[in-house]
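Structure record follows, encoded as structure tokens.
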Amino acid sequence: MTRGPLSVLVPALLNPHETMTAERYNAREAEPKWQQTWRERGIFRARNDDPRPKFFVMEMFPYPSGRIHIGHGRNYVMGDVLARYKRMQGFNVLHPMGWDSFGLPAENAAIERGIHPKAWTYENIASMKEQLQLLGLSLDWDREIATCDPSYYAEQQRIFLDFLEAGLAYRKESEVNWDPVDHTVLANEQVIEGRGWRSGAVVERRKLSQWFLRITDFAQELLDALDTLDRWPDRVRLMQRNWIGRSEGLEVLFELSRASAKASAVPTVKVYTTRPDTLFGAAFLALSPDHPLSARLAEGDARVAAFIAECKRGGTSAEVIETQEKLGYDTGLTVVHPLDETLTVPVYIANFVLMDYGTGAIFGCPAHDQRDLDFARKYGLPVKPVVLPPDTDPADFAIGTEAYDGEGTLFNSGFLDGMSIADAKEAVARRLERFRVEDQPQGTRRVNFRLRDWGISRQRYWGCPIPVIHCTTCGPVPVPRDQLPVQLPDDVTFDRPGNPLDRAKAWRDVPCPKCGAPARRETDTMDTFVDSSWYFLRYASDSAERPLDKQEVAHWLPVDQYIGGIEHAILHLLYSRFFTRALKACGRVDVTEPFAGLFTQGMIVHETYKDPAGRWLFPEEVKLLGDGKAVKIDTGEPVTVGPPEKMSKSKKNVVPPEVVADTYGVDCARWFMLSDTPPERDSEWTQAGIEGAWRFVQRVWRLVGDALELGAPAGTPFPTAFGKDALALRRAAHGLAATVADDIERLRFNVAVAHVHEFANAFGQAISAARASGTGEGLGVVLREAAEILVRVVGPMVPHLAEECWVALGHTGLAAEADWPKADPALLKRDTVTLPIQINGRKRDDIEVALDATPAEVEAAVLALETVQRALDGRPPKRIIVVPQRIVNVVA
RNA sequence: GCGGGCGUGGCGGAACUGGUAGACGCAGCGGACUCAAAAUCCGCCGUCCUCACGGAUAUGUCGGUUCGAGUCCGACCGCCCGCACCA
């Protein structure tokens with residue numbers, strides 16, 4: 001399939017008087033040729049014994065969902081530019097690729113289309129690999145991994161056993177989304193508005209015994225070490241900090257009132273609070289529906305049981321729980337106020353109190369917490385303010401519909417009156433630490449984390465088997481290491497809901513390794529986040545015999561630059577940070593932080609198209625007419641153009657890489673993806689944009705051709721002095737090498753592209769000048785020098801074009817192996833600077849001064865300016881601000 | 001609901017650490033070349049006032065700090081990402 005500019009390549013249209021410049025660069029021929037050369041020479045293979053300094057760059061590996069579209073390519077191209085640039089800078093670069101190939105979509109394909117997950121996955125990997133290779137990425141394919149391959153997950157099972165021995169893996173009960181019709185556990189994304197996506201049944205929360213990893217053991221360290229990650233985006237560090245959620249607070253024992261204690265047979269309720277200062281404003285106590293006291297009350301009261309059951313409806317996700325209506329149930333119990341025994345506070349069960357956080361019970365202070373206020377208004381509970389905002393009259397201060405959570409002074413609070421919030425917190429803690437209830441201090445200071453242990457059990461087939469055998473007498477028994485890996489059985493069926501492993505008797509039923517009695521394999525598999533929590537280590541240590549060699553890991557790690565989507569800012573990155581530490585604790589590696597540098601790139605978006613019947617159309621089925629109008633090419637029907645959205649198969653707004661490669665060439669696609677939009681933002685794929693990239697690729701080819709035609713032959717010695725044009729071009733070329741190096745180091749590819757454009761303009765002007773007035777005064781030599789610099793500078797971005805130009809310039813080696821051009825510092829310096837002159841903050845003039853002019857000299861020159869004289873009108877200036885080499889502001 | 005981010009011409013965006021807002025590209029307009037078209041090259045291009053010189057205005061909205069604010073602070077509006085079983 002061809003269309004667009006390459007299809008208009010008709011030799012008769014070319015000007016016969018021009019030489020090489022007449023030939024267009026033919027990407028379709030050049031690109032496969034150079035890709036083959038790179039492959040044959042193995043120049044992207046990383047060697048562990050290379051003495052040069054290492055640089056490890058990787059992009060987040062893809063899930064093999066099927067065909068890729070050009071949107072997938074963006075982060076790989078970014079990483080590739082950096083990898084190629086670093087090679088030119090003399091680094092031993094590791095740039096690997098792999099497949100995050102376990103997961104739900106493979107099972108859905110099995111259920112919906114009857115394809116085995118394994119076949120589906122490996123077919124997808126094969127076709128996606130072919131497509132990825134089309135992009136001309138400088139990857140070391142020798143280190144390719146697939147997480148679904150036993151050669152990968154065997155080590156993961158060994159790691160699990162290490163964690164188990166170290167006490168970092170354990171079992172406990174936790175809730176899952178249960179589909180009561182399909183009898184299946186659902187992922188959060190399979191719960192749509194509280195119902196199962198296939199059955200439509202209202203989802204329930206059900207408890208299962210599952211495996212957990214003790215990430216909370218590392219909570220403080222994971223938090224503290226964020227400060228050392230200075231090449232991570234601040235926002236990602238902040239998100240992780242908030243996710244870990246360290247808080248300092250107080251655990252307070254509330255004693256039940258005499259009658260309540262008798263009725264419930266429970267003497268106290270323990271509450272965790274970060275606001276003990278507001279204790280005098282307490283209006284209620286709220287228990288989680290999962291709290292032991294809630295359960296006890298439910299035993300004797302059907303209404304309580306019904307309320308708790310009501311709370312269990314809907315999904316388990318925090319989003320669902322936090323957005324659902326806040327409900328409470330008055331248990332009739334009361335507790336005694338810990339600081340004033342004449343006061344009692346009612347006890348509720350509330351659906352928004354989480355058992356996983358704190359103690360599973362809170363006290364509510366409506367005046368100073370919005371959620372508590374909403375709850376109090378709903379159930380008619382008193383709202384007593386206890387923190388008075390600064391400069392407020394207590395008589396005027398009342399809480400309406402908004403809680404006050406700002407600074408202030410305590411009031412209405414007995415012995416706390418007049419204190420600051422911080423002092424009051426301290427005073428309450430001190431007093432309650434002294435009070436004793438049931439032989440314990442009534443208050444205990446407690447650091448708490450929002451972070452919970454990581455539940456890794458999944459009731460699914462297509463995941464890494466958990467290497468454990470359950471025996472009725474011995475309990476869970478680790479699979480002996482010499483029996484690893486526990487491989488997934490291939491002989492499974494997907495004709496019924498639920499986990500096929502539960503039904504795979506031949507695989508499931510095994511003797512207990514300890515006592516030999518009949519036992520069952522663990523049929524849960526691991527969360528796919530486990531697979532991706534250590535794959536970067538496996539890249540570094542790539543032999544199947546020693547899959548996690550300490551020395552090799554130490555040589556390559558940490559990853560110098562990791563590139564991926566912002567959607568992984570918290571979970572994947574936090575789990576990987578934990579995993580690396582846990583492996584270190586087990587003595588497996590000597591690394592602590594896996595990723596020294598992190599970059600989060602934006603997505604590629606594309607307009608969507610719909611025909612009059614409302615069916616989605618592929619971009620190639622549509623002809624754009626401008627002004628947002630479009631028609632269907634084969635029928636001429638009007639097409640509705642929708643706003644740019646993330647490329648997705650379902651909306652057909654995808655562009656396959658092979659279409660771009662066939663039409664414009666991969667370098668155009670690469671150049672376009674790097675242009676214009678900052679890499680961290682979403683970028684829109686447009687026809688006009690790719691055409692612009694095509695013009696640029698041809699322009700570089702033409703500039704190099706012109707320089708070859710007009711410039712001096714290779715090896716011509718430099719003259720001792722250069723003319724004005726020659727010097728200007730030299731400055732521009734050396735400046736380009738320096739500035740693009742800096743742009744790439746900072747991953748500011750769009751700015752790098754702009755700088756290359758700027759240089760191309762200057763280069764074009766120099767060529768015009770050479771055509772008009774000859775190549776004397778060194779211009780001929782500089783034209784060649786400039787071409788040699790330009791080709792190497794664009795090489796990381798448009799590598800195939802660079803190779804073709806490099807050959808044209810007479811080189812026998814590969815551009816991919818050339819050195820990055822070194823900029824001569826003398827050419828980068830300027831001796832004068834243009835200073836803008838502001839009067840009262842508005843630019844009115846500018847002057848050119850020596851670079852090293854003193855402020856006094858500048859001031860004198862500025863005051864002499866006619867513009868300034870006119871503005872001052874004979875009066876002396878009020879003030880003159882001189883910012884050396886930047887600006888002058890005269891305040892009149 | 002909670003946490004995080006983004007917002008600059010017709011469009012994508014640039015502006016280093018508070019210092020000339022709009023670099024560079026796209027689209028558009030005008031010109032050169034051509035029998036013609038394509039390609040290429042040159043010029044113009046935020047808005048308003050002005051023949052022009054020049055001036056006013058302008059970075060989502062409103063307010064503040066500063067000699068000076070796209071940049072810092074506060075409030076608001078809109079859009080995007082994550083929320084632990086999608087990956």
Side-chain angles (χ1 to χ4, degrees), chain A residues 5 8 10 13-15 24 60-63 65 100 102-105 176-177 185-191 215 233-236 238-239 241-243 245 315-324 326 352 356 370-371 374 450-460 527-529 531-532 565-572 574-575 600 602-603 626 675-678 680-684 686 688-689 691-693 695-696 698-699 702 742 748 750-751 753-758 760-761 764 768 834-838 840-846 878-881 883 886-891:
Chain A
V8 302
V10 183
L13 301 176
L14 300 170
N15 183 343
R24 293 220 177 139
M60 290 180 185
F61 63 168
Y63 178 78
S65 54
D100 190 11
F102 271 137
L104 269 183
V176 294
N177 300 308
V185 177
L186 299 175
N188 281 338
E189 74 159 7
Q190 298 174 320
V191 180
I215 189 173
D234 285 342
R235 64 186 160 143
V236 174
L238 188 56
M239 280 191 257
R241 181 165 287 128
N242 291 335
W243 186 261
T316 59
S317 74
E319 191 185 354
V320 167
I321 293 166
E322 302 269 334
T323 48
Q324 69 194 0
K326 309 285 180 283
F352 58 87
D356 290 331
Q370 192 60 44
R371 196 171 55 183
D374 296 342
R450 207 186 72 98
L451 182 70
R452 308 196 300 257
D453 274 340
W454 174 14
I456 60 160
S457 294
R458 298 290 180 271
Q459 293 71 38
R460 321 222 180 280
D527 179 5
T528 56
F529 272 124
D531 311 340
S532 55
I566 185 70
E567 66 273 19
H568 292 295
I570 298 177
L571 293 180
H572 162 58
L574 193 63
Y575 290 152
T600 57
M603 294 178 301
S675 300
D676 292 344
T677 307
E680 68 276 11
R681 260 192 237 176
D682 288 351
S683 167
E684 189 185 350
T686 61
E691 281 166 11
R695 279 197 296 272
F696 173 77
Q698 295 301 333
R699 189 175 185 203
R702 228 170 23 244
D742 185 54
R748 294 156 46 90
N750 59 321
V751 183
V753 164
H755 284 138
V756 172
H757 274 293
E758 251 171 3
N761 290 340
S768 299
T834 304
L835 287 184
I837 309 304
Q838 294 184 330
N840 294 330
R842 283 160 198 273
K843 194 208 160 194
R844 283 294 123 103
D845 208 342
D846 38 40
K878 286 204 186 97
R879 203 172 150 188
I880 299 181
I881 293 117
V883 184
R886 286 245 85 123
I887 204 167
V888 179
N889 189 10
V890 179
V891 186

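A, B, ... follow the sequence lines: proteins, then strands. Residue 1 opens every chain.
- For A:Asp527, the salt bridge (charged side-chain N to carboxylate O under 4.0 Å, His left out) partners two or more places apart in sequence, or in a different chain, are A:Arg458.
- Pairing for B:U17 is absent, with no Watson-Crick or G-U wobble pair whose two atom distances lie under 3.5 Å.
- Qualifying salt bridge (charged side-chain N to carboxylate O under 4.0 Å, His left out) partners for A:Asp846, counting only residues two or more places apart in sequence or in other chains: A:Lys843.
- Qualifying salt bridge (charged side-chain N to carboxylate O under 4.0 Å, His left out) partners for A:Arg452, counting only residues two or more places apart in sequence or in other chains: A:Asp356.
- The pairing partner recorded for B:G82 is B:C2, the criterion being a Watson-Crick or G-U wobble arrangement whose two distances lie under 3.5 angstrom.
- In this structure, NZ of A:Lys326 is placed 9 Å from P of B:G1, rounded to the nearest angstrom.
- For A:Asn889, the side chain to side chain donor-acceptor pair (under 3.5 Å) criterion is met by no residue, not counting sequence neighbours.
- Look at CG on A:Leu835: it is 11 Å from C1' on B:G19, rounded to the nearest Å.
- Classified by interplanar angle (parallel below 30°, tilted 30° to 60°, perpendicular above 60°), the ring pair A:His568/A:Phe529 is perpendicular.
- Note on A:Asn889: every side-chain N or O is 4.0 Å or more away from OP1 and OP2 of B:G68.
- Atom C1' of B:C33 sits at a distance of 11 Å from the matching atom of B:C42, rounded to the whole Å.
- Contact check, A:Arg748 against B:A15: a side-chain N or O comes under 4.0 Å of OP1 or OP2.
- Distance noted for atom P between B:A23 and B:G12: 15 Å (whole Å).
- Residue A:Arg842 is classed as a sugar-phosphate contact, given heavy-atom separations below 4.0 Å to backbone atoms only.
- Of the P atoms belonging to B:C53 and B:C72, the separation is 36 Å, rounded to the nearest Å.
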One character per nucleotide, please: for nucleotides 80-87 of chain B, 5' to 3', B when the base has a protein heavy atom closer than 4.0 Å, S when only the sugar-phosphate does, - otherwise. -SSBBBBB
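- Rounding to whole angstrom units, CD1 of residue A:Ile887 and C1' of B:A69 are separated by 12 Å.
- Annotation: salt bridge (charged side-chain N to carboxylate O under 4.0 Å, His left out) contacts of A:Arg241 (sequence neighbours excluded): A:Asp227.
- With P as the reference atom, B:A69 and B:A58 are 11 Å apart, rounded to whole Å.
- The CD1 atom of A:Ile881 sits 13 Å away from the P atom of B:U66 (whole-angstrom rounding).
- Checked against side chain to side chain donor-acceptor pair (under 3.5 Å), A:Gln190 has no partners two or more places apart in sequence or in another chain.
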Under 3.5 Å, which N/O atoms of the protein pair with N/O atoms of nucleotides 21-31 of chain B?
| unit_1 | atom_1 | unit_2 | atom_2 | d |
| --- | --- | --- | --- | --- |
| B:A23 | O2' | A:Glu758 | OE2 | 2.6 |
| B:G25 | OP1 | A:Asn761 | ND2 | 3.3 |
| B:C26 | OP1 | A:Arg695 | NH2 | 3.3 |

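- Taking the C1' atom of each, B:U47 and B:A21 are spaced 14 Å apart, rounded to whole Å.
- The partner of B:G7 is B:C77, by the rule that a Watson-Crick or G-U pair needs both atom distances under 3.5 Å.
- Residues meeting the side chain to side chain donor-acceptor pair (under 3.5 Å) test with A:Thr323, sequence neighbours left out: none.
- A distance of about 24 Å separates the C1' atoms of B:G43 and B:C48, rounded to the whole Å.
- By the rule that a glycosidic angle within 90° of 0 means syn, B:G82 does not qualify and counts as anti.
- The nucleotide B:U66 finds no pairing partner, because no Watson-Crick or G-U wobble arrangement with both distances shorter than 3.5 Å includes it.
- Searching all strands for a Watson-Crick or G-U wobble partner of B:G30 with both distances below 3.5 Å returns B:C42.
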